[in-house]
Protein chains: 2
Amino acid sequence: MVDPNADRAVFRQLADLLRDRILSGELAPGEKVPSELRLTQEYGISRTTVRQAMAVLRAEGLVVVDRPRGTRVRAAEAPETVTLRKGDTVIARMPSPAERRELDIAEGVPVMVVTRADGSTELYSGDRTELFYPPVSRR
Amino acid sequence: MVDPNADRAVFRQLADLLRDRILSGELAPGEKVPSELRLTQEYGISRTTVRQAMAVLRAEGLVVVDRPRGTRVRAAEAPETVTLRKGDTVIARMPSPAERRELDIAEGVPVMVVTRADGSTELYSGDRTELFYPPVSRR
DNA sequence: CACGATTTGTTCGTATGTATG
DNA sequence: TCATACATACGAACAAATCGT
């Protein structure tokens with residue numbers, strides 16, 4: 001499964017394996033990922049290495065920790081739509097811990113920064129929000 | 001500077017200190033962050049703890065590793081503008097390692113996924129790109 | 001209510017590898 | 001060749017929270 005002599009680091013190989021299982025749906029959203037102890041035994045590697053692999057998946061926003069119950073595949077919420085207007089600009093970046101707390105954003109989920117034509121800015125969870133540029137004037 | 005008895009973990013305290021120095025401009029973009037060894041000595045903590053703090057900053061996109069020369073404050077590139085059209089939608093997420101490689105995106109930098117009205121999608125570095133909804137027809 | 005089992009978090013130490021200057 | 005700096009990996013220990021008995 002994982003090869004200590006491969007060019008790729010063991011923790012990256014394990015992250016790849018778990019990522020594949022998540023993206024293929026074998027590990028469904030909300031489902032528990034095998035525990036760290038379990039993974040150390042299954043692959044014959046140290047807990048340090050397992051934790052590095054999990055850190056990779058957390059940073060990618062693929063899993064969230066439900067401590068101390070376990071780590072679960074992140075279940076993306078249905079996005080809410082925010083309407084863009086003429087002259088708006090958008091960039092994306094990772095939130096600071098304070099912003100994460102305020103917007104209740106999980107690890108590994110970016111924010112979209114919408115700068116309105118008047119210069120004001122708004123922050124949206126990249127995960128929970130979908131920006132929309134309307135095709136026709138409404139109403 | 002850092003308090004082992006505080007509620008907050010030492011590596012988070014160190015990450016906070018360095019983040020403050022970066023955001024305040026004391027550590028300017030492109031500038032080298034103190035080396036791991038230096039930080040272990042300065043704060044009397046283990047290298048493990050220092051590395052965890054650095055991992056936090058990398059995941060936030062604040063620093064990039066220039067190995068083995070050191071770790072530097074990430075210098076954001078001047079964003080290129082991509083024009084949104086009517087009916088487009090935008091979400092943001094972290095890229096997979098493959099996408100990171102292809103788009104040459106640093107750790108801790110998200111991507112914006114633009115879905116065009118015709119259903120096609122385009123990926124842009126959240127860092128290097130600014131989406132723009134034009135106020136008037138140009139040219 | 002007490003206790004143990006489970007699971008993730010934090011921190012230390014140690015060792016070796018790789019790339020740069 | 002040597003020093004520096006980050007990467008990977010092992011082991012160990014204790015903390016905190018939750019859950020079942």
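In what follows, chains are A, B, ... by sequence order, proteins preceding strands, each numbered from 1.
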Exercise. Using a strict 4.0 Å threshold on nitrogen-to-oxygen distance, state whether A/E36 and A/R51 make a salt bridge.
Key: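 Yes, charged N to carboxylate O under 4.0 Å.
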Self-check item: Pairing of A/R8 and A/D16 as salt bridge, 4.0 angstrom limit
Solution: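 Result for this pair is yes, salt bridge flagged.
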Atom [atom1] of [X] and atom [atom2] of [N]: how far apart are they, to the nearest Å?
X	N	atom1	atom2	answer
A/D66	D/dC19	CG	P	9 Å
B/M54	D/dA5	CE	C1'	11 Å
A/K32	C/dT7	NZ	P	6 Å
B/N5	D/dA15	CG	P	13 Å
B/R38	D/dA5	CZ	C1'	14 Å
B/R47	D/dT4	CZ	C1'	11 Å
A/Q52	D/dA7	CD	P	10 Å
A/L37	D/dA12	CG	P	14 Å

Quiz prompt | 5' priority, DNA chain C, between B/S46 and B/P68 [closest heavy atom] | solution =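 The 5'-side residue here is B/S46.
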Exercise. Using a cut-off of strictly less than 4.0 Å, decide whether B/R69 has a side-chain nitrogen or oxygen near OP1 or OP2 of C/dA19.
Key: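 Indeed not, no polar side-chain atom of B/R69 lies that close.
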Quiz item: Is it true that atom CG of A/D118 has more than 12 heavy atoms of other residues, nucleotides or ligands lying nearer than 6.0 Å?
Solution: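 Enclosed: over 12 neighbouring heavy atoms sit under 6.0 Å from CG of A/D118.
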If you look at every strand shown and take non-hydrogen atoms under 4.0 Å, does [X] touch a base, only sugar-phosphate, or nothing?
X	value
B/R67	base
B/S35	sugar-phosphate
B/R8	nothing
B/R12	sugar-phosphate

Self-check item: Residue closer to the 5' end of DNA chain D, A/T49 versus B/E36 (nearest nucleotide)
Solution: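 The residue whose closest nucleotide sits nearer the 5' end is B/E36.
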Quiz item: Ignoring hydrogens and angles, does a donor from either the side chain of B/R51 or the base of D/dA5 sit under 3.5 Å from an acceptor on the other?
Solution: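 Side chain to base: no pair present.
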Quiz prompt | ILVMFWY cluster, B/I91 and B/M94 together (side-chain gap under 4.5 Å) | solution =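 Looking at the clustering, B/M94 is in a separate group from B/I91.
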Quiz prompt | From C/dT20, D/dC6, C/dC12, nucleotide with atom closest to B/T71 side chain | solution =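 Nucleotide nearest to B/T71's side chain: D/dC6.
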Self-check item: Nucleotide nearest B/F11 when distance is taken to its side chain, options D/dC19, C/dT11, D/dA9
Solution: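 Closest nucleotide to the B/F11 side chain: C/dT11.
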Quiz item: So, for A/G30 and A/A75, which heavy atoms are closest and what is the spacing to 0.1 Å?
Solution: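 In this case the closest contact between A/G30 and A/A75 is N-CB, 4.3 Å.
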